Amino acid sequence: MTVRTRFAPSPTGYMHIGGMRTAFFAWLFARHMHGKFILRIDDTDEARNMSEALGPILQAFRWLGLNWDEGPEVGGDYGPYYQSQRSELYKAAAQKLIESGQAYHDFSTPAEIAADRAEADKAKRPYINIRRSLDLTEAERAQYLAEGRPWVLRFLVPRGETLAIDDLIRGHVEWDTSLLPDPVIVRANGGPLYNFATVVDDAQLEITHVIRAEEHLSNTPIQVLLHRALGNVMPTFAHVPYVAAPGSKEKLSKRKIAEYRKNPKFKMLFERADEVFPKLGLDITPERSPVTVEYYEKIGYLPAGVLNALGRLGWSLDEKTEIMSLAEMVQNFTLERVVKAPAGFDPDKLFSFQSHWMKELPLEQKIDGCIPYLVAAKLITEPITPESRQFISQVITAFGDRLKLFSDIIDTEYFFRDEFPIDEKMFQKRVCKEGVPALLREFAQRLATTESFTLESLETALQAFAAEKGVQGDLIHALRLSTTGTPVGPGVYECLVLLGREKSLQRIEAALLRAQHA
RNA sequence: GGCCCCAUCGUCUAACCCGGUUAGGACACAGGGUUUUCAUCCCUGCAAUAGGGGUUCAAAUCCCCUUGGGGUCACCA
């Protein structure tokens with residue numbers, strides 16, 4: 001039998017990073033088993049702007065390279081893949097349950113239900129439905145219906161039963177069905193409710209493994225009962241623990257963004273976004289915060305980095321393997337090795353995976369990845385000429401492992417324009433230092449006359465000059481500050497070569513002027 | 001509160017199923033080395049079985065209790 005798994009997001013306008021991890025596990029399992037991965041859109045709630053709300057979710061899958069075999073855009077034999085378009089299926093299933101006496105029209109008013117609940121609470125006993133409508137005669141029921149009295153359709157839970165599932169992650173879990181209130185399966189407006197729609201759909205889509213977040217575990221007994229009542233083939237369940245906020249055990253939530261800004265682990269991510277996004281013409285919103293996939297895409301993470309981190313969040317291959325490509329994860333993924341306890345999301349660890357994969361990335365791909373950032377930051381303009389690409393290539397090579405995220409490339413601003421930020425404090429320290437300007441001036445004259453302007457010749461020239469003057473660090477630091485404005489970055493010789501003789505001399509000149517006025 | 005789930009370094013985890021390891025790895029952190037800065041890279045260090053009872057020659061591992069944490073209790077998904 002072919003394994004079929006699904007991820008069923010509601011169109012909310014963003015893809016939660018924890019939700020992505022759950023989806024990823026379902027995807028990995030399907031791929032590992034050579035099965036199918038299906039995307040179904042659970043839009044039974046009110047209609048929102050579908051394309052706007054669904055866009056970021058599909059984009060997250062596309063960006064990470066997690067393809068779906070059936071679903072929006074690709075179709076499939078079991079469609080449509082939007083619950084809002086599957087009403088007939090739900091109607092038929094509801095009819096079936098009514099006919100077999102496993103669902104009933106409940107005419108209770110919300111007030112009555114609330115009162116029942118309050119009473120149960122007061123008596124400290126679990127609430128279950130009173131089922132008054134079940135006592136109605138056939139004639140009464142017909143009359144109520146004819147009168148147009150409002151009703152909901154409830155599933156008749158068989159009480160007094162012990163229900164068990166063998167969850168692939170959590171093991172054997174049991175419930176007492178006597179404690180389960182009869183769930184509403186069709187609401188007053190005729191729309192199906194989640195627990196019902198999902199059962200109908202999982203069966204019709206022939207989902208073999210329902211792999212979903214742990215918060216659905218408590219929905220499971222109802223769904224099992226519903227499957228049974230409908231005569232469906234029972235899927236196998238696997239409940240993946242939720243992803244917790246860094247340094248906590250609480251579920252990572254988009255609603256807590258303000259709080260996360262103060263979280264020491266998240267802080268860096270927010271601060272980097274505050275710094276970088278404006279330069280790219282983006283703003284930081286809850287939908288584009290470290291809680292969502294879009295943040296990582298926009299700030300220039302690699303799918304390989306994010307996927308590696310997500311894969312290791314609650315799953316491990318063995319006692320030591322950390323670095324895994326997507327192919328390796330597909331090769332080795334099993335649900336048995338998913339950890340039962342919730343895992344705290346660790347931005348530091350994600351960053352270390354990212355560093356690794358960025359280091360591995362071939363130069364050409366680094367260039368392709370950086371170009372959009374250079375363009376967005378207006379450091380280069382399109383179309384990219386071969387000369388321009390060649391220059392970018394040299395910058396990236398010189399920048400080396402300092403490039404962790406694609407957006408880091410905008411930190412090399414000084415290579416692309418003559419106006420660039422200057423670290424005042426360090427400038428004071430390195431350039432305005434006693435005796436340094438004179439040294440710099442004299443060395444500039446040397447630079448103006450060196451035969452060639454290459455790494456080797458510059459190094460030779462500087463070494464010779466430094467030996468003559470009996471200095472070492474001072475000159476190098478001053479050179480760096482005056483030509484790039486920052487104390488960190490590629491080697492000084494690389495910087496000078498990339499800038500070229502003319503610009504280097506101009507910048508030294510400008511720096512000397514600046515030092516004078518300081 | 002009811003129901004359900006979970007519990008190993010600060011964090012992610014391995015060892016647990018099928019009892020015997022100096023409880024391993026990684027991230028982070030600290031220190032050192034390489035380097036013209038930074039980054040990289042290398043070395044070293046720090047650091048855990050929530051508590052209590054059993055069972056057993058032997059318990060992180062099996063059982064029970066406690067504690068703690070979490071999820072969920074809708075005409076949301």
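What you see is a predicted model; the values in this text were computed from it and never measured. Numbers restart at 1 for each chain; the letters A, B, ... are given by sequence-line order, proteins then strands.
- Using a 4.0 Å heavy-atom cutoff across all strands shown, A/Arg337 reaches sugar-phosphate atoms only and no base atom.
- Checked by atom type and distance alone, the side chain of A/Glu336 never pairs as donor or acceptor with a backbone atom of A/Leu168 at under 3.5 Å.
- Distance OH (A/Tyr127) to C1' (B/A74): 11 Å, rounded to an integer number of Å.
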Below 3.5 Å between N/O atoms, which protein atoms pair up with nucleotides 16-20 of chain B? Just atom names and distances, please.
none

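- One P atom belongs to B/G70, the other to B/U11, and the distance between them is 14 Å to the nearest Å.
- Here the separation of B/C63 from B/A26, taken at their P atoms, is 32 Å to the nearest Å.
- Comparing B/U72 with B/A58, their C1' atoms sit 41 Å apart, to the nearest whole Å.
- With A/Ser133 contributing its side chain and A/Phe107 its backbone, the two residues share a donor-acceptor pair below 3.5 Å.
- Rounded to a whole angstrom, the distance from the P atom of B/G10 to that of B/A50 is 12 Å.
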Polar atoms only, N or O, under 3.5 Å: list the protein pairs with nucleotides 3-6 of chain B and their distances.
| residue | atom | partner | partner atom | Å |
| --- | --- | --- | --- | --- |
| B/C5 | O2' | A/Arg170 | NE | 3.3 |
| B/C5 | O2' | A/Arg170 | NH2 | 2.5 |

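- Remark: A/Asp202 engages A/Arg6 in a salt bridge, criterion side-chain N to carboxylate O under 4.0 Å.
- Protein atom CG of A/Asp167 is 14 Å distant from nucleotide atom C1' of B/G71, rounded to whole Å.
- The main-chain N or O of A/Phe399 is found under 3.5 Å from a side-chain atom of A/Arg402 such that the two form a donor-acceptor pair.
- Contacts of A/Glu336 with the nucleic acid, taken as non-hydrogen atoms under 4.0 Å apart, are absent.
- Among the protein residues, A/Val184 comes within range of the sugar-phosphate backbone only, with heavy atoms under 4.0 Å from sugar or phosphate atoms but none that close to a base.
- With a cut-off of 3.5 Å on both pairing distances, B/U34 has no Watson-Crick or G-U wobble partner at all.
- Judged by the 6.0 Å and 45° rule, A/Arg21 forms a cation-pi pair with A/Phe25.
- Less than 4.0 Å separates RNA chain B from at least one heavy atom of each of the following residues of residues 192-203 of chain A: A/Leu193, A/Tyr194.
- Heavy atoms of A/His216 sit under 4.0 angstrom from at least one base atom.
- Between the OG1 atom in A/Thr198 and the CZ atom in A/Arg212 there is a gap of 6.0 Å [rounded to 0.5 Å].
- Between A/Asn129 atom CG and B/C73 atom C1' the separation is 13 Å, expressed in whole Å.
- Among the protein residues, A/Gly191 comes within range of no part of the nucleic acid, since none of its heavy atoms lies under 4.0 Å from any strand.
- Rounding to whole angstrom units, CG of residue A/Leu310 and P of B/U13 are separated by 12 Å.
- Checking B/G70, B/U13, B/U72 against every side-chain atom of A/Ala343, the shortest atom distance belongs to B/U13.
- Under the Watson-Crick or G-U wobble criterion, with both distances below 3.5 Å, B/G1 is paired with B/C73.
- Along RNA chain B, the nucleotide nearest to A/Gln83 and the one nearest to A/Glu215 differ in position, and the one closer to the 5' end is contacted by A/Glu215.
- The distance from atom NZ of A/Lys251 to atom P of B/G69 is 18 Å, rounded to the nearest whole Å.
- Atom CG in A/Asn308 sits about 12 Å away from atom C1' in B/C12, given to the nearest Å.
- Remark: the backbone N or O of A/Trp315 is paired with a side-chain donor or acceptor of A/Arg312 at under 3.5 angstrom.
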What does the list of N/O pairs under 3.5 Å between the protein and nucleotides 21-26 of chain B look like, with a distance for each?
| residue | atom | partner | partner atom | Å |
| --- | --- | --- | --- | --- |
| B/G24 | N2 | A/Glu319 | O | 2.7 |
| B/G25 | N2 | A/Arg312 | NH2 | 3.4 |
| B/G25 | N2 | A/Glu322 | OE2 | 2.7 |
| B/A26 | O2' | A/Lys349 | NZ | 3.4 |
| B/A26 | N3 | A/Lys349 | NZ | 2.8 |

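- A/Asp42 places no side-chain N or O within 3.5 Å of a backbone atom of A/Gln83 that could act as its donor or acceptor partner.
- A donor-acceptor pair is defined here as one N or O able to donate and one able to accept, closer than 3.5 Å; no such pair exists between the side chain of A/Ser407 and the backbone of A/Gly300.
- No donor-acceptor pair under 3.5 Å is formed between the side chain of A/Asn308 and the backbone N or O of A/Gly305.
- Note: CD1 (A/Ile185) to C1' (B/A77) measures 17 Å, nearest angstrom.
- Using N1 to N3 plus N6-O4 or O6-N4 for Watson-Crick, or N1-O2 and O6-N3 for G-U wobble, each under 3.5 Å, B/G45 pairs with B/C29.
- Residues A/Arg154 and A/Arg131 fail the side-chain proximity criterion, which asks for heavy atoms closer than 4.5 Å.
- With both ends at atom P, the span from B/A15 to B/C3 equals 33 Å, rounded to whole Å.
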Collect all protein-nucleotide pairs involving nucleotides 60-66 of chain B in which both atoms are nitrogen or oxygen and the distance is under 3.5 Å.
none

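- Looking at A/Thr5, its side chain never comes within 3.5 Å of a backbone N or O of A/His209 through a donor-acceptor pair.
- Residues A/Met358 and A/Leu405 form no side-chain contact, since every pair of their non-hydrogen atoms from C-beta on lies 4.5 Å or further apart.
- Remark: B/U67 base-pairs with B/A7. Criterion, Watson-Crick or G-U wobble with two distances under 3.5 Å.
- Between A/Phe465 and A/Phe443, the ring-plane angle classifies as tilted under the 30° and 60° cut-offs.
- Looking only at distances, a side-chain donor or acceptor of A/Arg501 sits under 3.5 Å from a matching main-chain atom of A/Thr450.
- Taking the six-membered ring for Trp and thresholds of 30 and 60 degrees, A/His239 and A/Phe237 have nearly parallel ring planes, at less than 30 degrees apart.
- When both pairing distances are held under 3.5 Å, B/C18 makes no Watson-Crick or G-U pair with any nucleotide shown.
- Between the side chain of A/Gln354 and the main chain of A/Lys404, a donor-acceptor pair closer than 3.5 Å is present.
- Rounded to an integer number of Å, the gap from A/Phe345 CZ to B/U13 P is 13 Å.
- Pair assignment for B/A58: none, as no Watson-Crick or G-U wobble contacts are both less than 3.5 Å.
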So if I define the base as every atom that isn't primed, P, OP1 or OP2, how would nucleotides 29-50 of chain B read as a B/S/- string at a heavy-atom cutoff under 4.0 Å? -------BBBSSS---------
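- Rounded to whole Å, the C1' atom of B/C41 lies 44 Å from the corresponding atom of B/G51.
- Side-chain proximity of A/Asp346 to B/U11, B/C75, B/A77: nearest is B/U11.
- Between A/Arg272 and A/Asp411 there is a salt bridge, since at least one side-chain N of the basic residue sits less than 4.0 Å from a carboxylate O of the acidic one.
- When each of A/Phe24, A/Trp27, A/Trp68 is tested with A/Phe61 by the rule side chain to side chain contact (heavy atoms under 4.5 Å, CB included), just one qualifies, namely A/Trp68.
- Relative ring orientation between A/His216 and A/Tyr194 is described as tilted, the plane-to-plane angle lying within the 30° to 60° band.
- In this structure, A/Tyr301 and A/Phe351 have perpendicular ring planes: the angle between them is above 60°, well past the 30° mark.
- Aromatic ring centres of A/His16 and A/Tyr242: separated by at least 6.0 Å.
- Residue-level contact check: A/Val186 touches neither bases nor backbone, having no heavy atom under 4.0 Å from any strand.
- Taking 4.0 angstrom as the limit, A/Lys265 places none of its side-chain polar atoms (N or O) nearer than this to OP1 or OP2 of B/G10.
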